[in-house]
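Below, each value reflects all heavy atoms present in this structure, side chains not excepted, and no hydrogens, waters or symmetry copies. Sequence lines set the chain letters: A, B, ... in the order given, protein chains first and strands last, and positions in each chain run from 1. Please read these numbers as outputs of a predicted model, since none were measured by experiment.
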Amino acid sequence: MEAEYSPRAIEKKWQQKWAEDKLYRVDNHSPKPKYYSLTMFPYTSCDLHIGHWYNYVPPDVRARFKRMQGYNVLHPMGFDAFGLPAENAAINRGIHPYTWTMKNIENMRRQLESIGTVYDWSREINTCLPEYYHWTQWFFLKLFEHDLAYRGKAPVNWCSGCQTVLANEQVIGEGVCERCGTAVTQRDLEQWFFRITRYADELLQYEDIDWPERIKIMQRNWIGKSLGAEISFALDHPGVEEKEIRVFTTRPDTAFGVTFMVLAPEHSLVAKLTLPDKKTEVEAYVERSRRQTDIERLSTEKEKDGVFTGAFVTNKLNGEKVPVWIADYVLLSYGTGAVMAVPAHDERDFAFATKYDIPIRVVIASPEWQGGELDEAYIEPGTMVNSGQFNRLSSQEGAKAVSDFLAEKDYGGHAVTYRIRDWIISRQRYWGAPIPMIYCEKCGIVPVPEADLPVLLPEDADFGLTGESPLKRNEDFLRTTCPECQGAAKRETDTIDSFLDNSWYYFRYCSPHYDKAAFDPREVKNWMPVDIYTGGAEHAVGHLMYARFFTKAIRDMGLIDFGEPFKRLFNQGIIIKDHQKMSKSRGNVVAPDDLVSSLGADTLRAYLMFLGPWEQGGDWSDSGISGISRWLVRVWKLALEPYRVKGKTGEQAHTDLQRTTHQTIRKVTDDLEKLRFNTMISALMEFTNYLTGVKETGRVSDSAWKGALKTLLLMLAPTAPHFAEELWQKTEQEYSIHNQDWPVWDEEIAKDEEITLVIQVNGKLRDRITVQASITEDEALWLAEESHKVEGYLKGKDIIKKVYIQGKLVNLVVR
RNA sequence: GCCGGGGUGGCGGAAUUGGCAGACGCAACGGACUUAAAAUCCGUCGGAGCAAUCCUUGUGGGUUCGAGUCCCACCCCCGGCACCA
């Protein structure tokens, strides 16, 4: 009797052997076709939980499958190591972020190794090491050189919890910090920006990539392209230089219905326009909106309010004077920060006008409109009325006609506006790559020369949260000399948003230790773009959009010749427990280390893939995993307990075995291609059950049996790498199973000889008969009508129609 | 409110193009083995009914010879966005 299946013993053994043999070393110069399989690298936190495994195991299985299929597979792993959480955790524990991060990485690497992943660890990257962030800084300089990085003052998102500025993409839900949940407020600050808006239009193009519809929609919404018109309103105000205020509208067809204008409270003209007797009220309103958090300010429940400035502008289209108000429902950051208010055709304007008793004039007639007053805003398209020469045009025609007219008269014209804002990358925190810029009194903003990179992050820092970078308090760091005039100068002390680190890591994997540049262009040409990228959907408008922007930006610098980094994107679901998200506070976290030591990595790998469709996630069940354990033990016995031919071997048993084997190869291969891991496991289980029956009856030759068993082990290898390797060795096959070819199927052999013909009467199942797959329509119909079970349903009725579906069914329609 | 995804046995989930609903597994129940239990093996397992048979994929309609699958209306759950002029 062979040894029992003991995962603990075999897993360690093989992991060591594979590492010694450098089995997973990726060769850059292989003649095989390349396949770049990328999984979003983890943020360095304390521990990997079962959710991480759910992210890493299925791609690992697929990468192993692709290797066996003959591809040269790059399936690397690394760590996203800079950023606020590490710094916060380090502060809380009173240790240095570096120490904390490196300790975590060590643990995470150990955990990732323990699950039997195929990563080539010689390619590991770590974003917080100088050999990496040297090039993050270099890219910053390149973006600056190409006018894609600039310093500017703008109202920015401020998180008082993290004491730093956040990018728009890091503000989530109703305006809270994605890291700490604190309500975000606005501050006017000088910051570094990346000009992602320059790529807004190109980012809307998805023709060349295979991405989930959902992610594309989220990005489209985030970019928020709106077509409309910009319209100039004449301003003639004592003591004010500006002679116009421009607004953006998506409804130029309503321009004759403007009865007031609203400026954002922060608009630069507010102070200049406000009449002396309105000053107190206006200033109080501006002050109040400045202090509100975005949650308060943007709450849709809040009643719209505002203040009249006392000023008027003239609508150039009809010569009417309309009052200028300020209100916080108008955002400075969108359009021109000013809107023309058309209360008859906009809900917000309607509410506002009703509240302050401002006239409401209908300029778009609905088909039902009789000329009376409106009870609510009519926002649908209609026919233009009260609009001078544009009357009787439809909204659509009118919008174009009005815009054309505006352009002709130089009153404005067609315009496009985006919701997306430039990417703020300054962080007033320690744990990040220093922004490689120098401020010189004489020369102004001077980039650090490339030769001086990296600008090292000093080890000693005082992490107290003050709202300013801790680097500012480090004199050795702060004081420097100007690269241009050699005079005394100061360094930029803010650090780079870690989203830049992870916007280019997949380029680094191609040549992870290259020290002459961020990447070796030949290796990038060899490996990029990524063939499949897998990870969580939460990165839809953050990381995934930044990475696309980054790739397009460096393409335009001539560094690469493609604009999309990830050909195919796939988002896995999340794994839950007892219908709830796993979290420490709920106490329902499944700890993988314990499961590995009790059940084994292979069992856990197979179970994670079995519990549900990968894109949907699934419900973790402690008892469910025992089904996988039992299955693997059954396979173990099937392979190791001797096979005995019983009686005469039969031709039929042999063809059956061949057919089932080839059908299983087809199913498993297809499921792996389509990332349908749960049904792949089912198919392997069915095949196991089938082989158990074959073994019991013993009607196939010893060699046929061995062949089928070998195929089963090969198909198991990606899922259960240690288990399959052990059985491969025990059945005296050549090491290593992971270097074998993936089995292929023959469509002819996989073909069914016999089929079950379904007989229906009026669409209801009445009989099934087993027939040759080659049956003709006439034979099938004849058999159906002759069926004993069907007889009763046909008695006394006329068959008015006979439906025959090749190889499937007969439906007799009777009356 | 808008945009995605989803709703199938006690549970997780299967079901190419509209063609045998419930694969595979868990749990449960019955049996074998055992002094006993665990493990293992064999069997049953959507509901009603003694049975023939009938009912059954969130609800209600529709198209079709035939609907889990397509169309219309609605309900519920999950995720995202939400004053964007």
Side-chain angles (χ1 to χ4, degrees), chain A residues 172-175 212-218 220-222 224-226 228 247-251 254 261-262 264 297-302 304 327-331 333-342 345-349 351-352 417-420 537-538 540-541 571 573-574 576 579 581 607 610-613 615-628 630-631 633-634 637 670 676 678-689 692 755-768 792 799-814:
Chain A
I172 55 161
E174 297 183 329
E213 205 50 43
R214 171 170 62 127
I215 300 292
K216 293 193 276 189
I217 289 169
M218 280 162 80
R220 277 195 204 104
N221 290 343
W222 186 260
K225 182 177 184 174
S226 294
V247 301
F248 172 77
T249 179
T250 51
R251 294 292 302 272
T254 66
M261 175 180 278
V262 189
R297 183 163 166 180
L298 296 179
S299 160
T300 34
E301 274 89 70
K302 198 184 92 176
K304 306 210 172 341
D328 62 10
Y329 75 87
V330 175
L331 309 170
S333 56
Y334 185 77
T336 62
V339 303
M340 59 176 217
V342 185
H345 307 296
D346 181 279
E347 282 174 27
R348 295 152 300 175
D349 298 346
F352 198 86
T417 295
Y418 299 90
R419 247 172 59 104
I420 191 173
E538 68 273 18
V541 295
N571 299 117
I574 54 167
I576 56 174
H579 307 283
K581 255 188 186 160
Y607 180 60
F610 182 63
L611 55 69
E615 72 270 28
Q616 275 171 40
D619 206 342
W620 176 271
S621 148
D622 291 322
S623 60
I625 196 170
S626 61
I628 299 288
R630 291 201 271 251
W631 169 51
V633 170
R634 282 206 310 277
K637 288 181 182 161
D670 190 46
R676 291 193 304 216
N678 55 332
T679 50
M680 172 201 69
I681 303 285
S682 298
L684 290 175
M685 285 174 167
E686 277 180 88
F687 191 47
T688 306
N689 294 346
T692 307
I755 53 152
T756 303
L757 187 71
V758 170
I759 317 285
Q760 298 182 335
V761 177
N762 286 349
K764 284 194 200 284
L765 175 78
R766 294 305 175 194
D767 198 7
R768 322 172 218 251
I799 298 178
I800 55 169
K801 192 171 178 182
K802 298 173 188 176
V803 180
Y804 174 66
I805 304 295
Q806 170 72 47
K808 286 220 168 84
L809 63 69
V810 171
N811 187 13
L812 302 171
V813 184
V814 302

[N] versus [M] - spacing of their [atom1] atoms, nearest Å:
N	M	atom1	result
A27(B)	C78(B)	P	29 Å
G46(B)	G12(B)	C1'	16 Å
G30(B)	C77(B)	P	39 Å
G5(B)	G19(B)	C1'	27 Å
A32(B)	C76(B)	C1'	47 Å

Rounded interatomic separation in angstrom, taking [atom1] from [X] and [atom2] from [N]:
X	N	atom1	atom2	value
Glu686(A)	C24(B)	CD	C1'	6 Å
Glu615(A)	G79(B)	CD	C1'	15 Å
Ile628(A)	G13(B)	CD1	C1'	13 Å
Gln616(A)	G79(B)	CD	P	15 Å
Trp620(A)	C26(B)	CH2	P	15 Å
Met680(A)	C24(B)	CE	P	17 Å

Look at Arg676(A) together with Asp670(A) and state whether they make a salt bridge at an N to O cut-off of under 4.0 Å.
-> yes

Any base atoms under 4.0 Å from [X], or only sugar-phosphate, or nothing? Heavy atoms, all strands.
X	answer
Arg214(A)	sugar-phosphate
Asp349(A)	nothing
Leu611(A)	sugar-phosphate
Ser621(A)	nothing
Pro212(A)	nothing
Ser226(A)	sugar-phosphate
Val339(A)	base
Arg766(A)	sugar-phosphate
Asn811(A)	base
Tyr418(A)	nothing
Ile217(A)	sugar-phosphate
Arg634(A)	sugar-phosphate

Spell out yes or no: do the side chain of Glu538(A) and the base of G80(B) have one donor N/O and one acceptor N/O closer than 3.5 Å?
-> no

Could one point to a donor on the side chain of Lys304(A) or the base of C83(B) with an acceptor on the other under 3.5 Å away?
-> yes

Would G9(B) be called syn or anti, given that syn covers angles within 90° of 0?
-> syn

Which nucleotide, in any strand shown, forms a Watson-Crick or G-U wobble pair with G4(B), with both distances under 3.5 Å?
-> C78(B)

Is there a Watson-Crick or G-U wobble partner for C50(B) with both distances under 3.5 Å, and which nucleotide is it?
-> none

Can you find a side chain N or O atom of Arg630(A) that sits less than 4.0 Å from OP1 or OP2 on A27(B)?
-> yes

